[in-house]
Amino acid sequence: MFQSLQALPADPILGLMAAYRADDNPKKIDLGVGVYKDTHGNTPVMQAVKKAESLILDAQQSKSYVGPTGAAEFNQVSAELIFGESLVSKLGKRRVTAQAPGGCGGLRLAAEFVKKANPEATVWVSDPTWANHVPLLGSSGLKIEQYPYYDYDSHSVRFDAMMETLQQVGSGDLVLLHGCCHNPCGADLSKEQWQAVKDLALDKGFTVFIDLAYQGLGDGLEEDVYGVRLLAEALPELIVVSSCSKNFGLYRERTGALTVICDKESSAEIATTQIAAAARAMYSMPPDHGAAIVQTIMTSPELRSEWDAELTEMRNRINSLRAQLVARLKDAGVQQDFSFIEREKGMFSFLGVSVEHIQKLVNDYSIYIVNSSRINVAGINDSNIDYLTSSIAEVLA
Ligand code: LMR
């Protein structure tokens, strides 16, 4: 039976990661997959994480099962990180949070949950959006449509066009928004734009679904959730999928959560049973280790402040790399205006150059960039910035 299968092309992001690893050019640069890298090009384990792991190793008494929705304490600290303590208590039992295997697991869990609530639902995703949103959500059987989001000429959000399209979305459908640090374009909604989305959601009755994978990597832990909190406060229903991959550096530990806010407590009780059943049917239970690390850090004042300081350093480094890249491209004689990179947030921005230019950078210079021209700014460092900017200058000349 397996002979009937056709080989598939590599995933656009993970395939590039494998090609980079296999390249023996000493000058190679990885600006592909979204992982944070320090000034030496390493993705280190955060110190707060190391310390939490050692505490867990000493204290853990059992490896027995936890349950399909994961550890209650992890779910509580995750919700508090996203919404803040006062909003969590205000939402009370209208909120359900379930631990999930990473942000991807949370997105898929959300899709399965939505499918049960409305098998006919359409999820509206931004154009562009993260390459894995469509496979992750679409494989559950939900329909996917796009709304305009990024203007490649002005390097800004096409907010009027976005709102015009979202006028047609009604109750029973969902609008997927990036909570902060839009992946792939780095262009986020302003406070006024979040408010307008909130008003439209109230008016049209669609359900907002937020992917929050980069909290703390844009402007700050609180600043990055302005929109999430605004919507959680105002809307009767909301879905938020959060990831601990980037802000805790827990990538391979697969740590994330799905939060669903319901119109009333009794709906949330039912939602909890549906989420637990969906998790059980897919993977039974989420992995524990990453969640235990997050829980340990967030419940220890010392570890929490150490983690916060490390995260702040990561964020500041990314923001300073954005400024350096713009300045160094100019110094290298590149004519195009790249100043927009400094205005954008998080790990990613589009260079805004053609696929042919990207292919040349990958094949002739061993500079690994996704075909869309999305770069992971965190892959730049003092040792590779000269080679990177002079190579871009040569390719664009
Ligand atoms: C990315 O966008 O590069 C990351 O979120 C990693 C992934 O799984 O694609």
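Note that the numbering runs from 1 along the sequence shown for the chain. The structure presented is a predicted model; accordingly, all values stated were derived computationally and were not measured. Order of listing sets the numbers, starting from 1, for every ligand and every atom in it.
Proximity of Lys246 to ligand 1, defined as any heavy-atom pair under 4.0 Å, is confined to the side chain (atoms from C-beta onward). With a 4.0 Å heavy-atom cut-off, ligand 1 is reached by the backbone of Val33 and by its side chain too. Of the heavy atoms in Tyr214, only side-chain atoms (C-beta onward) come closer than 4.0 Å to ligand 1. Under 4.0 angstrom from ligand 1, the non-hydrogen atoms of Arg374 all belong to its side chain. Residue-level proximity to ligand 1 for Asn183 is carried by the side chain, the only part with a heavy atom below 4.0 angstrom.
Checked for salt-bridge contact, Asp337 and Lys330 miss the test: no charged N lies under 4.0 Å from a carboxylate O. Glu313 and Arg317 are not joined by a salt bridge, as no carboxylate oxygen comes within less than 4.0 angstrom of a charged side-chain nitrogen. Here Glu222 pairs with Arg229 in a salt bridge; the nearest charged N to carboxylate O distance falls below 4.0 Å. The pair Glu269-Lys93 fails the salt-bridge criterion, with no side-chain N (NZ, NE, NH1 or NH2) lying under 4.0 Å from an Asp/Glu carboxylate O. Here Glu120 pairs with Lys143 in a salt bridge; the nearest charged N to carboxylate O distance falls below 4.0 Å. Between Arg94 and Asp263 there is no salt bridge, since none of the side-chain N atoms of the basic residue sits less than 4.0 Å from a carboxylate O of the acidic one.
Among Gly102, Ser243, Gly34, the residue whose heavy atom lies nearest to atom 3 (O) of ligand 1 is Gly34.
Protein heavy atom closest to atom 9 (O) of ligand 1, with residue, atom name and distance, is Trp130 NE1, 3.1 Å.
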